[in-house]
Amino acid sequence: MSFFQDALAVFKKRDLLFLESYKESEDVYTFLFEKENDLSWIAGQHGLFTISHKKIKNKTRPFTIASSPTEKVVRITMRISENPSEFKKAMLELKQGMTINMVGPLGSFNLKDNGISLFIACGIGITPFRSILKQIESEGNGIDKPIHLLYLDSTKSYIFKDELDEIANNTSINVTYLDSRDDLFQEIDTFSTLNKGNGKYFIAGPRSMVKSVFDFLKSKHIPKKNIKKDAFYGY
Ligand SMILES: Cc1cc2nc3c(=O)[nH]c(=O)nc-3n(C[C@H](O)[C@H](O)[C@H](O)COP(=O)(O)OP(=O)(O)OC[C@H]3O[C@@H](n4cnc5c(N)ncnc54)[C@H](O)[C@@H]3O)c2cc1C
């Protein structure tokens with residue numbers, strides 16, 4: 001998605017009808033909204049979501065659309081800790097029939113070609129990869145996709161694990177679950193040695209983690225053009 005397309009998408013506002021929410025793990029919740037027929041996105045993109053059912057101060061946040069467009073629902077999955085922001089409190093108060101406003105879709109964090117790719121998900125950064133992998137699964141062309149997902153979560157509460165395991169079973173996509181940064185760097189090292197600078201690297205998660213992985217890739221002389229980042233600020 002080009003800057004020009006993003007600029008146009010900013011004018012695309014719509015209200016999404018809330019369907020349901022549920023807990024994925026101790027501090028992660030999923031919210032589902034109706035997907036109208038004329039709404040689509042490229043797997044991996046995000047939207048700007050604005051609370052509209054009550055007045056709060058900072059009422060807009062970006063969230064990845066964690067569903068693939070083929071899933072017929074708009075899913076956002078977010079971390080909500082013990083002391084939630086006003087925005088997240090308002091999310092938890094959503095009831096069936098209420099709406100949230102979405103601007104977008106936005107962003108260029110998506111798979112463009114069929115080359116060898118390493119997906120690096122840090123914690124909640126699994127959301128865009130869920131969307132991309134679900135899309136590949138639904139198109140039924142994951143048999144030859146040379147994709148390896150490294151999923152780091154220090155608390156080992158890997159959300160979407162059942163779905164990811166199913167995708168790994170039905171396609172050639174590999175998933176490795178990790179709980180330490182050292183092990184993550186070791187896996188990245190192995191991948192980059194095997195692929196001799198050919199692979200594409202996709203990193204998503206809290207901004208500090210994305211930066212740390214990006215710096216590691218640079219130290220391994222991975223060209224910047226082979227790295228895509230989706231940095232979630234606010235964590
Ligand atoms: C492209 C994108 C996709 C994202 N996808 C997800 C997702 O799928 N799931 C998910 O849980 N989160 C996602 N996020 C992060 C999300 O938008 C929120 O920032 C995060 O959930 C924290 O929100 P909060 O209401 O808890 O905290 P906040 O009240 O927003 O604040 C937390 C901290 O972040 C700082 N902060 C707030 N806004 C900014 C800003 N614009 N620039 C710099 N610092 C800021 C605040 O000062 C504070 O210190 C995404 C972010 C981006 C940019």
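Sequential numbering from 1 along the given sequence is applied to the chain's residues. Counting starts at 1 for both ligands and their atoms, following the listed order.
- The Thr127 neighbourhood of ligand 1 comprises atoms 7 (C), 8 (O), with distances under 4.0 Å to a heavy atom of that residue.
- Looking at Arg75, Lys161, Arg79 one by one, the single match for salt bridge (charged side-chain N to carboxylate O under 4.0 Å, His left out) with Glu24 turns out to be Arg75.
- Residue contacts with ligand 1 include Ala231, since one or more of its heavy atoms lies under 4.0 Å from the ligand.
- Listed by number with element, the atoms of ligand 1 under 4.0 angstrom from any heavy atom of His46 are 1 (C).
- Figure legend: Lys229 and Phe214 shown as a cation-pi pair, the cationic atom lying under 6.0 angstrom from the six-membered ring centre and within 45 degrees of its axis.
- For ligand 1, the polar-atom distance check against Arg207 finds no nitrogen or oxygen pair separated by under 3.5 Å.
- For ligand 1, the atoms lying closer than 4.0 Å to a non-hydrogen atom of Arg79 are 11 (O).
- We find the CD-CG distance between Gln135 and Asn110 to be 10.5 Å, quoted to the nearest 0.5 Å.
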Carefully, step by step, assess Thr77 and Thr127 under the rule side chain to side chain donor-acceptor pair (under 3.5 Å).
CA-CA 7 Å; Thr77 297; Thr127 51; over 6 Å; no

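- Separation of the Tyr201 and Phe191 ring centroids falls under the 6.0 Å cut-off.
- The side-chain tip of Arg130 points at the ring of Phe160 from less than 6.0 angstrom away and within 45° of straight on.
- Geometrically, ligand 1 and Phe63 share no nitrogen or oxygen pair separated by less than 3.5 Å.
- Of all protein heavy atoms, the one closest to atom 24 (P) of ligand 1 is Ser85 OG, 3.5 Å.
- Nearest residue to atom 5 (N) of ligand 1 from Ile126, Leu106, Thr64 is Thr64 (criterion: closest heavy atom).
- Contact check for Val210 versus Ser212: no side-chain heavy atoms found under the 4.5 Å cut-off.
- Listed by number with element, the atoms of ligand 1 under 4.0 angstrom from any heavy atom of Met78 are 9 (N), 10 (C), 11 (O).
- Of the charged side-chain nitrogens involved, none lies within less than 4.0 Å of a carboxylate oxygen, so that Glu86 and Lys57 do not count as a salt-bridged pair.
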Working note: Thr176 + His148, criterion side chain to side chain donor-acceptor pair (under 3.5 Å); need CA distance, chi angles, decisive distance, verdict.
CA-CA 8 Å; Thr176 304; His148 191 160; 2.7 Å; yes

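- For Phe109, the closest heavy-atom approach to ligand 1 does not fall below 4.0 Å.
- When distances from atom 47 (O) of ligand 1 to the protein are checked, no heavy atom turns up under 4.0 Å.
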Using the side chain to side chain donor-acceptor pair (under 3.5 Å) rule, take Thr155 and Asp153 through it: C-alpha gap first, then chi angles, then the decisive distance, then the call.
CA-CA 5 Å; Thr155 66; Asp153 188 331; 2.8 Å; yes

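- Taking a cut-off of under 4.0 Å to the non-hydrogen atoms of Lys88, the atoms of ligand 1 that pass are 20 (C), 21 (O), 22 (C), 23 (O), 24 (P), 25 (O), 26 (O).
- Those atoms of ligand 1 with a heavy atom of Asp230 less than 4.0 angstrom away are 1 (C).
- Close approach to Ile124 involves these atoms of ligand 1, each under 4.0 Å from a residue heavy atom: 9 (N), 10 (C), 11 (O).
- Contacts of Pro62 with ligand 1, taken as heavy-atom pairs under 4.0 Å, involve both backbone and side chain.
- Looking at Tyr158, Phe202, Phe109 one by one, the single match for ring-ring contact (aromatic ring centres under 6.0 Å, His included) with Phe129 turns out to be Phe109.
- Taking a distance limit of 4.0 Å, we find that atom 26 (O) of ligand 1 is approached by some protein heavy atom.
- By heavy-atom distance, the residue among Tyr29, Phe49, Tyr233, Phe87 lying nearest atom 38 (N) of ligand 1 is Tyr233.
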